[in-house]
Every structure is written in C-alpha cells, then in structure tokens.
Amino acid sequence: AQSVAQPEDQVNVAEGNPLTVKCTYSVSGNPYLFWYVQYPNRGLQFLLKYITGDNLVKGSYGFEAEFNKSQTSFHLKKPSALVSDSALYFCAVRASGSYQKVTFGTGTKLQVIP
Amino acid sequence: DAEITQSPRHKITETGRQVTLACHQTWNHNNMFWYRQDLGHGLRLIHYSYGVQDTNKGEVSDGYSVSRSNTEDLPLTLESAASSQTSVYFCASSPLNTGELFFGEGSRLTVL
C-alpha cells in the first residue's frame with residue numbers, strides 16, 4: 001500500500017527566511033508526487049508535481065520541491081518565505097500506473113512570522 | 001472560467017437522515033473524486049468515478065454512495081447519516097493522465 005508521511009504538524013519560519021516542509025513517501029514502482037496548499041475555509045490548490053525528469057521541480061508562488069529517490073523524499077522549499085505563504089500544505093503520491101489512487105499526507109501547517 | 005462547485009457549503013442534519021452533497025464541474029474532466037478531511041487524517045478517498053456510469057469505492061466508502069449520470073456531476077449520498085460522518089467533504093476532478101486534482105471549496109457537514 002502506498003503512503004505519505006509529513007513528520008511535522010507545524011513549521012514556523014520568520015518572514016524572509018528559507019522554508020522547508022518535509023515529505024517522505026512509499027509506493028510501488030515510479031512515483032508521481034504532488035504538493036497542494038490549502039488556505040482557511042478553501043479547497044486545496046495544486047502547487048507542483050514530479051512525474052519524471054529533473055529532480056528539482058518548480059511550481060507556483062515561488063515554491064519548488066526536490067525529489068530524492070534514495071531517501072524517498074519530496075521536500076517542499078522556498079528561498080524566502082512570505083507571511084501570505086502561511087497555510088496548510090499537503091504532500092500526495094500515486095503510483096505511475098494508477099492515476100486515480102492519490103494518497104495524501106496529514107498536512108503541515110506553515111506559519112510565517114512577520 | 002471552468003470551475004468545480006459544491007453545494008451546500010454548510011449543512012447541519014440529524015442522525016439517521018439521508019443527505020446528498022452536490023458536485024458540479026465545468027472542466028469536462030472524466031475523473032471525479034470525493035474526499036473527506038478530518039484533523040489528523042489528511043484527506044481520505046470515499047468514492048471515485050472514471051466516467052459516466054462508472055463508480056468505485058475508496059478507502060472509507062462505508063455509509064456513502066455516488067452515482068454518475070453525466071460528465072459534470074457526481075453527487076455524494078449519505079444514506080443514514082451518523083455522527084462519525086461529521087466532516088468537511090471535498091469534491092475533485094482531474095483530466096486524464098496529468099494527475100493533478102482540481103478541488104471544490106468544500107462542504108462542511110455536521111451530524112447531530
């Protein structure tokens with residue numbers, strides 16, 4: 001069975017500092033990996049995805065994520081955090097052959113402190 | 001612009017009542033999904049559909065049903081609501097092969 005772990009319930013970072021939100025995964029075969037963001041009382045919004053190719057993926061709002069196959073990780077990063085980045089972030093995975101079965105992590109709340 | 005809408009956004013009901021949550025998308029996506037979001041559990045898949053007349057059970061399907069009579073709509077029905085079904089429900093859709101999901105704004109259901 002596939003799974004996603006987001007080990008931190010909350011990450012606090014000062015505005016202007018770099019941020020990292022951690023994600024590790026388990027899946028059979030090649031993974032498709034995703035990050036989503038959820039603002040209060042809203043649905044999830046797609047940020048970025050890794051399917052194949054370059055291990056560093058760039059997405060919306062200046063976010064990027066690094067795929068590390070040996071460590072089965074897909075950490076979300078941003079060089080300089082903004083207060084408006086404060087939200088709930090979800091990592092998700094699916095196996096390459098079954099695009100309907102997306103498994104989500106439990107989410108990490110990012111708090112950017114002014 | 002294409003979108004995915006859910007209704008109602010908020011609903012309070014009593015144990016044992018039947019409840020239907022509507023989901024309508026104008027993306028013309030074949031794949032549609034229902035998730036529930038609970039603290040500590042992230043999002044869990046309830047039911048999904050690959051196209052008209054196709055429905056499949058997800059990991060937490062007990063007590064829920066869906067039907068797909070057209071491309072645009074995937075209503076979720078709770079046959080006899082239980083307090084354990086108090087949650088926020090999200091509908092999502094995706095085009096073939098790209099993988100990313102497009103989510104609605106959610107329906108908050110409270111079962112008393």
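Predicted model, so just to flag it, every value in this text is computed and none were measured. Here is how names work: the chains are called A, B, and so on, in the same order as the sequence lines, proteins then strands, and each is numbered from 1.
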**Student:** Give, for atom CD of B:E100 and atom CG of A:L47, the distance between the pair rounded to the nearest 0.5 Å.
**Tutor:**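 Here the rounded value is 11.5 Å.
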**Student:** Could you please state which residues from residues 104-112 of chain B sit under 4.5 angstrom from chain A, measuring non-hydrogen atom to non-hydrogen atom, sorted by number, or 'none'?
**Tutor:** B:G104, B:E105, B:R108
**Student:** B:L101 pairs by side-chain contact (heavy atoms from CB on, under 4.5 Å) with which of A:F46, A:F104, A:F34?
**Tutor:** A:F104
**Student:** Need one label for A:N41: side chain, backbone, both or neither, based on atoms under 4.5 Å from any heavy atom in chain B.
**Tutor:**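 Contact with chain B is through both the backbone and side chain of A:N41.
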**Student:** Quick one: which residue pairs count as a ring pair (Phe, Tyr, Trp, His ring centres under 6.0 Å) with a foot in residues 2-24 of chain A, not counting sequence neighbours?
**Tutor:** none
**Student:** Are there over 12 heavy-atom neighbours, none belonging to B:I12, within less than 6.0 Å of that residue's CD1?
**Tutor:** no
**Student:** Only distances under 3.5 Å count here; give the side-chain donor-acceptor pairs of residues 105-114 of chain A to other protein atoms, sequence neighbours excluded, each with its distance to 0.1 Å.
**Tutor:**
| residue | atom | partner | partner atom | Å |
| --- | --- | --- | --- | --- |
| A:T108 | OG1 | A:Q6 | NE2 | 3.1 |
| A:T108 | OG1 | A:E8 | O | 2.7 |

**Student:** Check whether A:Y39 and B:Y35 end up in the same hydrophobic cluster, where Ile, Leu, Val, Met, Phe, Trp and Tyr are linked by side-chain heavy atoms less than 4.5 Å apart.
**Tutor:**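 No, separate clusters.
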**Student:** Is there a path of hydrophobic side-chain contacts, each under 4.5 Å between heavy atoms of I, L, V, M, F, W or Y residues, that connects B:I46 with B:M32?
**Tutor:**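 Yes.
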**Student:** In this structure, would A:V93 and A:F63 fall into the same cluster of hydrophobic residues linked by side-chain contacts under 4.5 Å?
**Tutor:**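 A:V93 and A:F63: one cluster.
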**Student:** What pairs of donor and acceptor atoms, side-chain ones from residues 55-63 of chain B against any protein atom, are under 3.5 angstrom apart with sequence neighbours left out?
**Tutor:**
| residue | atom | partner | partner atom | Å |
| --- | --- | --- | --- | --- |
| B:N56 | ND2 | B:Y48 | O | 3.4 |
| B:N56 | ND2 | B:D54 | OD2 | 2.9 |
| B:E59 | OE2 | B:L45 | N | 3.4 |

**Student:** Quick check on B:R17: does its CZ atom have over 12 non-hydrogen neighbours (other residues, nucleotides or ligands) under 6.0 Å away?
**Tutor:**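 Not more than 12 within 6.0 Å, no.
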**Student:** Are side-chain heavy atoms of B:F103 and A:R42 found at a separation under 4.5 Å?
**Tutor:**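 They are not in contact (no side-chain heavy atoms under 4.5 Å apart), so the answer is no.
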**Student:** Output the option from B:H41, B:R44, B:Q37, B:Q6 having the highest count of non-hydrogen pairs under 4.5 Å with chain A.
**Tutor:**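 Greatest number of close heavy-atom pairs with chain A: B:Q37.
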**Student:** What do the steps show when you test B:L43 against A:Q38 for side chain to side chain contact (heavy atoms under 4.5 Å, CB included), and what is the final call?
**Tutor:** CA-CA 12 Å; B:L43 275 79; A:Q38 184 182 32; 5.6 Å; no
**Student:** Spell out, yes or no, whether A:Y89 and A:L44 are grouped together once hydrophobic residues are joined by side-chain heavy atoms under 4.5 Å, including indirect joins.
**Tutor:** no
